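Per chain, numbering begins at 1; letters A, B, ... match sequence-line order. Note that this is a predicted model, so its numbers are computed, not measured.
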Amino acid sequence: MLPEAAMLHDNSLMRQRRDKIKAASDAGEVAFPNDFTPTWTSADCYRWFLEPGRQNTFLAIAAGEPLNPALAPTSGSVVLPSPRVSVAGRILAINVKGKVAFLRIRDRTSPELPLLRKQDDDLREAQGLERRGSDATTFQLYFSREACPEVFDRLLKATPGAAWDGPLLDVGDIIGAHGMLFRTRTGEPSIWVVGQGDTPAMRRLTKSVRPLPDKFHGLQDKELRFRQRYVDLIVNDEAREVFRRRSQITKGVRHFLDERGYVEVETPMMHPVLGGAAARPFRSHHNALDMPLYLRIAPELYLKRLVVGGIDRVYEINRNFRNEGLSQRHNPEFTMLEFYRAYATYEDLMVEVETLIEGLARDVTGGTTVPWGKTADGSPRLIGLQAPFARVRIRDGLVQWGGLDPREIDDETVLRAKAVALGVHIDDHAPLGKVQLELFEAVAEPHLVQPTFVIDYPAVTSPLARRNDARPDYVDRFELFIGGIEISNAFSELNDSEDQYHRFLAQLEQKQKGDEETMEMDLDYIRALEYGMPPAAGCGIGIDRLTMLLTNQDSIREVILFPHMRPEHLSADVAVSEPDAPDQGAV
RNA sequence: GGGCCGGUAGCUCAGUCGGUAGAGCAGCAGACUUUUAAUCUGUUGGUCGAGGGUUCGAUUCCCUCCCGGCUCACCA
């Protein structure tokens, strides 16, 4: 039985928490209110503490109000005026200590807190105070029974005789609180929670019926982390950081391209004709039109139609779908940036790509040297992302890493023998160019850790790329490898409609030989080219893989919020429905 | 699809050379007026992934299946 299956059933912890909802309802409260407006975020609060004179322990009193005797300063405390603040968030820890209590909450600004805490530490150090030294992503609320006895007894402590004999709050609940800013004896920026008039010190806004995972170890099971990403995001700081960076990356890409005059577009994700890449598609069907459709494997042909239409600089960031195997680096749907630039060559795009990636590394990681996995001795492997990147020709790579003599590069017999010796499988019907490419990938990719543009691609493997003027069997194309994985693929675009037509024909021939990943003839695309596409170059960048690189994650599933999984209910159904099965005897 | 490893409390894990299981956290009861993985005392909680076999007895051994992780192959 899957752990999830068990969780579909109620358990004692959940029953207990549901009873607490009922206790609140019975007391006349709205169980799930939506009338609380936080006025400050946790980051707002932190920044308040960064102001001069607020680094050491102090007690805050509400500005303009008399000192509340319940908030009597401990001996030696400085008293500072504080604004009254309302904050809201999810409780990540409850710590009741006699007649005081501490809650740690998280809100939408929590990712900013580690940096703010560091700034705070720097200020404290400059004044001869101890660094707090914490990278906590939660913000602290302080309660004293004296300041808010009704809240304290009802929400945080057992109250004998109450509808529910115990604290009504649990870790995981979402609360709204009101109070003043102060620093505890240990210097922790906190809110002294205290009500004001009709404003209660604290209210529960949402009850969490399911208990959260272990507060220290978090959620470790990868399957549960991916299936229940919401829980992963609640309890695992690293997961939140990965997706914060992913958002920065896509924003950074858009900013970079927008600044250079590119126009963002959205083209069809359902294609009547398969094209733009070599891959197996997902098939669908339109009922009203009674026609087959493919989920797109690449946006390329539509984007180039737009270049024909006069959008000389165009890009799209969106999903591609490929009906192929799953792996650490492959998800059936993945996010691709493609951009096209008229009057540019693939060499121009190399500069554009290395500038983009260097800039993203700076924006997202703060530098151009990023850690990527570990070296053989266990220390972090470092990748330098400062431009320019290295460039290597496929034939040079075959010589350098494949141990081939330069004269053997065009000898298919020698290459195939080499492939067999290395245990690399290459189709018998593959032409020389494809043999070269596959052999190169086998021998060179492990060496392509530092960013490297691979160039000199054989024309047969690139049916949409422009031929090299001097050597028509080759195309003006590059692939960018970083960390041993392919990050980008780009080429000068073929805009000769007649050549394009014949290359599509060649694809059809490949298909008849049994290749399942060929493109189809796209006559409308040929027609578009016949109107004339300006000379152009285009580039694709795998956003998921780029995110892996800039977050040091070795699996694509760590950078996709909801990676593809087997359907969960197959196993859960068995476990859950068994007691009610109508014909249990007939097995 | 092949190979290797795994599934034990809500979570993180230990354990049982075959005699129906433990810890920490969470929960519950209590103590504690500045904690931050708080601490201390007591305590609840388990169809040991599912089914079958061997056995007096299976969570443990065997078989099948389900689910997952890693890995190889195809692919970006």
Side-chain angles (χ1 to χ4, degrees), chain A residues 1-7 9-17 57 59 72 74 77 92-104 132-134 136 138-140 142-147 152 157-158 160 165-167 170-172 182-188 190 192 210-224 226-227 231 235 277-280 297-298 320 322-332 334-336 423-425 427 441 479 481 485-489 516-517 540-545 554-557 565-566 568 570-572 574-575 578 587:
Chain A
M1 189 202 296
L2 273 180
E4 297 85 39
M7 290 175 70
H9 297 290
D10 218 347
N11 63 46
S12 62
L13 295 179
M14 291 174 66
R15 274 195 297 276
Q16 217 167 58
R17 291 176 172 213
T57 298
L59 180 78
T74 49
S77 272
L92 269 294
I94 297 176
N95 175 11
V96 180
K97 189 179 188 297
K99 293 186 171 54
V100 302
F102 301 89
L103 258 57
R104 299 207 67 96
R132 305 276 314 127
S134 164
T138 51
F139 182 63
Q140 178 165 283
Y142 172 85
F143 298 79
S144 73
R145 186 175 185 282
E146 216 172 339
F152 197 89
K157 292 279 281 186
D165 277 348
D170 290 291
V171 171
F182 84 114
R183 260 186 215 267
T184 64
R185 192 154 65 198
T186 58
E188 179 75 7
S190 310
W192 191 307
R210 284 184 187 271
L212 288 176
D214 188 289
K215 67 180 171 188
F216 185 57
H217 299 95
L219 187 64
Q220 298 294 324
D221 186 310
K222 284 190 184 182
E223 184 197 354
L224 293 182
F226 299 148
R227 284 195 195 281
V231 179
V235 298
R280 295 190 207 181
I297 56 173
N320 290 347
R322 299 194 183 174
N323 205 342
E324 290 161 352
L326 287 70
S327 82
Q328 246 179 322
R329 292 169 190 178
H330 299 85
N331 195 62
F334 61 101
T335 301
M336 179 79 103
V424 178
H425 175 74
D427 273 0
E441 287 177 352
E479 287 193 0
F481 285 81
I485 60 179
E486 185 189 334
I487 295 286
S488 174
N489 177 18
E516 295 184 63
E517 296 168 353
I541 294 180
I543 295 295
D544 311 283
R545 290 182 172 182
D554 65 358
S555 169
I556 198 167
R557 301 203 289 175
M565 308 281 284
R566 283 187 152 86
E568 187 177 12
L570 286 180
S571 54
V574 174
E578 200 170 34
V587 175

N/O donor-acceptor pair under 3.5 Å between [X] side chain and [Y] backbone:
X       : Y       : answer
R104(A) : T138(A) : yes
Q140(A) : F102(A) : no
S488(A) : E479(A) : no
T57(A)  : T184(A) : yes

Please state how far atom [atom1] in [X] lies from atom [atom2] in [N], giving the value in whole angstrom units.
X       : N      : atom1 : atom2 : value
E146(A) : U34(B) : CD    : C1'   : 14 Å
L212(A) : G27(B) : CG    : P     : 11 Å
R17(A)  : A26(B) : CZ    : P     : 12 Å
E441(A) : A76(B) : CD    : P     : 8 Å
E223(A) : C66(B) : CD    : P     : 15 Å
R280(A) : C74(B) : CZ    : P     : 11 Å
K157(A) : G30(B) : NZ    : P     : 8 Å
K99(A)  : U35(B) : NZ    : P     : 17 Å

For [X], answer base if it contacts any base atom (sugar-phosphate contacts may also be present), sugar-phosphate if it contacts only those atoms, and nothing otherwise; contact means non-hydrogen atoms under 4.0 Å.
X       : result
R145(A) : nothing
G540(A) : nothing
Q140(A) : base
V235(A) : nothing
N323(A) : nothing
R329(A) : base
E479(A) : nothing
A278(A) : sugar-phosphate

Taking the same atom, [atom1], in [N] and in [M], what whole-Å distance lies between them?
N      : M      : atom1 : result
G10(B) : U71(B) : C1'   : 32 Å
C66(B) : A50(B) : P     : 15 Å
G2(B)  : U47(B) : P     : 32 Å
C17(B) : G7(B)  : C1'   : 22 Å
C32(B) : U44(B) : P     : 24 Å
U8(B)  : U20(B) : C1'   : 13 Å
C70(B) : C65(B) : P     : 23 Å

Find the partner of [N]: check Watson-Crick (N1-N3 plus N6-O4 or O6-N4) and G-U wobble (N1-O2, O6-N3) distances, both under 3.5 Å, and reply none if neither fits.
N      : result
C61(B) : G53(B)
C70(B) : G3(B)
C11(B) : G24(B)
C48(B) : none
U39(B) : A31(B)

Subject >> Nearest-nucleotide comparison on RNA chain B, the residue closer to the 5′ end among D554(A) and N320(A) >> reply: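 Comparing both residues, the 5'-ward one is D554(A).
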Subject >> Closest-nucleotide 5' rank along RNA chain B - winner of Q16(A) and Q220(A) >> reply: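 The residue mapped nearer the 5' terminus is Q220(A).
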Does a nitrogen or oxygen in the side chain of [X] sit under 4.0 Å from OP1 or OP2 of [N]?
X       : N      : answer
R557(A) : C70(B) : yes
R227(A) : G68(B) : yes
K97(A)  : U34(B) : yes

Which of the following nucleotides, [options], is nearest to the side chain of [X]?
X       : options                : value
P213(A) : G10(B), U12(B), C11(B) : C11(B)
R322(A) : A76(B), C67(B), C32(B) : A76(B)
K222(A) : C32(B), C70(B), G10(B) : C70(B)
T186(A) : U34(B), U36(B), A26(B) : U36(B)
Y142(A) : U34(B), A76(B), C25(B) : U34(B)
I556(A) : A76(B), A29(B), U34(B) : A76(B)

Taking the side chain as every heavy atom from C-beta outward, state whether [X] and [Y] have any pair of such atoms under 4.5 Å apart.
X       : Y       : answer
N320(A) : I297(A) : no
E223(A) : M565(A) : yes
F334(A) : R545(A) : no
D170(A) : P211(A) : no

I'd like to know if [X] reaches the base of [N] with its side chain such that a donor and an acceptor end up less than 3.5 angstrom apart.
X       : N      : value
D214(A) : G24(B) : yes
E188(A) : U34(B) : no
S327(A) : U71(B) : no
S144(A) : U33(B) : no

Original post:
So E188(A) and R132(A), salt bridge (charged side-chain N to carboxylate O under 4.0 Å, His left out) or not? Walk me through it.
Top reply: CA-CA 7 Å; E188(A) 179 75 7; R132(A) 305 276 314 127; 2.7 Å; yes
